[in-house]
Amino acid sequence: MQERSSFSSRLGFVLAAAGSAVGLGNIWRFPYLAAQYGGGTFLLIYLILAITFGFTLMIAEVALGRKTGLSAIGAFSALNRKFKFLGILASIVPVIIFPYYSVIGGWVCKYLSVFITGEMADAAQDGYFTGFISQTGNPILWFSLFLGLTAIVVILGVEQGIERVSKLMMPILVVLTLFIAVYACTIDGAMEGVVYYLKPNLEDFSVKTVLAAMGQLFYSMSLAMGIMVTYGSYMKKENHLEKSVRQIEIFDTGIAFLAGLMIIPAVFAFSGGDKSSLSAGPGLMFITLPKVFDHMPMGRIVGIVFFLLVFFAALTSAISLMETIVSIVMDTMHCKRLTAGLSVLAFSFMLGLPSSLGFGLLGNITWNNMSILDIMDFVSNSVLMPIVAIFTCIFIGFVVKPQTIVDEVKETDGTFKAEGMFRVMIKWVAPWLLVAILVSSIATAMGVFTL
């Protein structure tokens with residue numbers, strides 16, 4: 001049996017796990033949801049959920065991984081063989097997400113190159129984005145580049161690849177986010193957006209706002225896809241688990257907060273306070289923001305910095321997705337990292353091709369008005385992830401019991417400050433919140449109501 005890889009320090013684990021959590025969802029999904037659901041009201045609800053609901057699910061998964069020293073399939077099976085199916089379900093999620101996520105990562109690479117080469121004015125034109133993604137060869141080229149960069153880091157290993165890249169990228173990501181946020185807030189007319197984003201208004205409170213915040217938190221923190229279980233399996237026993245999870249939360253929530261601060265005021269300033277400009281989906285990042293940068297003083301520089309920031313966020317999340325799949329292959333097939341990495345690379349390229357071609361050559365393949373990429377996103381994010389999380393709560397709350405996780409958390413120094421909250425949340429609160437996410441996500445996709 002091969003010796004289990006591990007992070008060299010708690011800082012390495014925190015930065016790698018935070019890098020996984022900080023992704024495209026933080027940079028563009030969080031700001032448009034915040035703008036759509038009341039700004040400060042959405043922000044306040046999100047923060048409350050992060051320190052309760054999000055913390056509970058994350059600490060459960062990390063502790064599960066560290067206790068067993070195994071990736072998702074092995075971890076659940078090791079504690080109860082009847083729940084091996086849950087590990088398999090959790091493992092399917094990154095297998096589905098990683099290929100189409102890399103397609104979007106390729107789009108980010110393309111736009112970074114566009115701003116670097118001075119073609120910003122072209123990117124700001126109507127039809128530029130749709131024209132690009134409807135092509136055949138060009139999107140596949142950028143998708144392949146992003147996929148290859150991710151594979152190189154993962155194949156290098158946990159300490160030499162993932163940890164080293166995370167230690168470099170995460171501090172830079174924070175600095176870049178701060179730079180753009182500060183600059184955006186100094187633009188004429190931006191303060192209206194700042195006030196809207198930071199000031200809670202009880203009139204904006206609704207069930208939909210809570211569901212939107214809960215769903216964003218759930219997806220943003222890389223939960224229910226085996227990632228935190230896998231990263232937890234690389235965590236040393238002497239590293240304080242509770243403190244580590246809190247620090248990951250601070251990173252993830254902090255970047256999401258700053259992303260809102262850098263996007264909402266800027267768009268407000270250049271749209272005259274029109275919140276509809278913060279439209280959902282890729283339109284915000286690839287259509288609206290290039291227009292904003294094109295009319296902004298120092299727009300090209302800010303655009304380069306922004307897309308570099310988005311590239312780092314996308315890459316760190318993609319690394320965690322691929323590492324989860326590679327870890328599962330290594331654990332189940334008992335093969336070397338290089339073999340597993342190359343196999344996952346080839347498989348992910350083939351699985352990602354339909355998503356890349358789904359806006360052009362395969363554009364006629366749709367379901368419920370969703371493209372191939374949207375379908376993959378719906379199945380993984382809106383259906384499988386909530387189901388995995390619900391069963392995880394049942395597994396920990398009623399099968400192996402919360403004490404199993406509590407004992408693992410206390411392994412380092414005998415303390416678990418949030419033990420009481422964890423026990424209540426994992427058994428009686430989180431499962432029902434997750435059922436609400438599942439029902440609302442499916443209802444939204446089916447057009448029953450719109451979040």
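Residue numbers start at 1 and run along the sequence shown.
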Is the backbone N or O of [Y] less than 3.5 Å from a side-chain atom of [X], with the two atoms forming a donor-acceptor pair by type?
{"X": "R29", "Y": "L24", "answer": "no"}
{"X": "T316", "Y": "G19", "answer": "yes"}
{"X": "D413", "Y": "T415", "answer": "yes"}
{"X": "S317", "Y": "V22", "answer": "yes"}
{"X": "S348", "Y": "L345", "answer": "no"}

Taking every non-hydrogen atom, the tightest pair across I51 and I48: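 Closest heavy-atom pair between I51 and I48: CG1-O, 3.3 Å.
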Determine the minimum heavy-atom distance between F146 and C109, stating which atoms define it.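 What the structure gives for the nearest pair is CD1-SG, 3.9 Å.
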Under 6.0 Å from the six-membered ring centre of F55 and within 45° of its axis: does the NZ or CZ of R246 meet both?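 Flagged: R246 positioned over aromatic ring of F55.
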Measuring from atom [atom1] of [X] to atom [atom2] of [Y], what distance do you get when rounded to the nearest 0.5 angstrom?
{"X": "L217", "Y": "L57", "atom1": "CG", "atom2": "CG", "result": "8.0 Å"}
{"X": "S356", "Y": "I372", "atom1": "OG", "atom2": "CD1", "result": "10.0 Å"}
{"X": "L15", "Y": "R10", "atom1": "CG", "atom2": "CZ", "result": "10.5 Å"}
{"X": "S371", "Y": "Y100", "atom1": "OG", "atom2": "OH", "result": "10.5 Å"}

[Y] and [X] side chains, donor-acceptor separation under 3.5 Å:
{"X": "E159", "Y": "S6", "result": "no"}
{"X": "S222", "Y": "S20", "result": "yes"}
{"X": "N201", "Y": "T41", "result": "no"}
{"X": "T324", "Y": "S327", "result": "no"}
{"X": "N239", "Y": "T412", "result": "no"}

Is the closest side-chain heavy-atom distance between V194 and F268 below 4.5 Å?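 Sidechains of F268 and V194: no contact.
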M262 side chain reached by I27 side chain, heavy atoms, under 4.5 Å: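 Side-chain contact under 4.5 Å: yes.
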With under 30° as parallel and over 60° as perpendicular, where do the rings of Y46 and F42 fit, or are they tilted in between?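 Correct class here is parallel.
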For the pair Y111 and Y128, name the ring-plane relationship: parallel under 30°, tilted 30 to 60°, perpendicular over 60°.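 Rings of Y111 and Y128: perpendicular, as their planes differ by over 60°.
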Listed by chain and number, what are the ring-ring contact (aromatic ring centres under 6.0 Å, His included) partners of Y197, not counting sequence neighbours?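 Per chain and number, Y197 pairs via ring-ring contact (aromatic ring centres under 6.0 Å, His included) with F257.
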For a side chain to side chain contact (heavy atoms under 4.5 Å, CB included) check, start with the C-alpha distance between F115 and I301, then their side-chain angles and the critical distance, and finish with the verdict. CA-CA 8 Å; F115 275 80; I301 295 174; over 6 Å; no
Please, which pairs that meet salt bridge (charged side-chain N to carboxylate O under 4.0 Å, His left out) have at least one residue in residues 183-203, sequence neighbours excluded?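 Sorted pair list comes back empty.
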Distance-only check: which donor-acceptor pairs under 3.5 Å involve side-chain atoms of residues 290-298, not counting sequence neighbours?
| from | atom 1 | to | atom 2 | distance (Å) |
| --- | --- | --- | --- | --- |
| K291 | NZ | A124 | O | 2.8 |
| K291 | NZ | D126 | OD1 | 2.6 |
| H295 | ND1 | K291 | O | 2.9 |

Any salt bridge between E119 and K110, counting N to O under 4.0 Å?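 The answer is no: the pair does not qualify as a salt bridge.
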Against F359, only a single residue in F129, F132, W107 fulfils ring-ring contact (aromatic ring centres under 6.0 Å, His included); can you say which?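 Single pass found, and it is W107.
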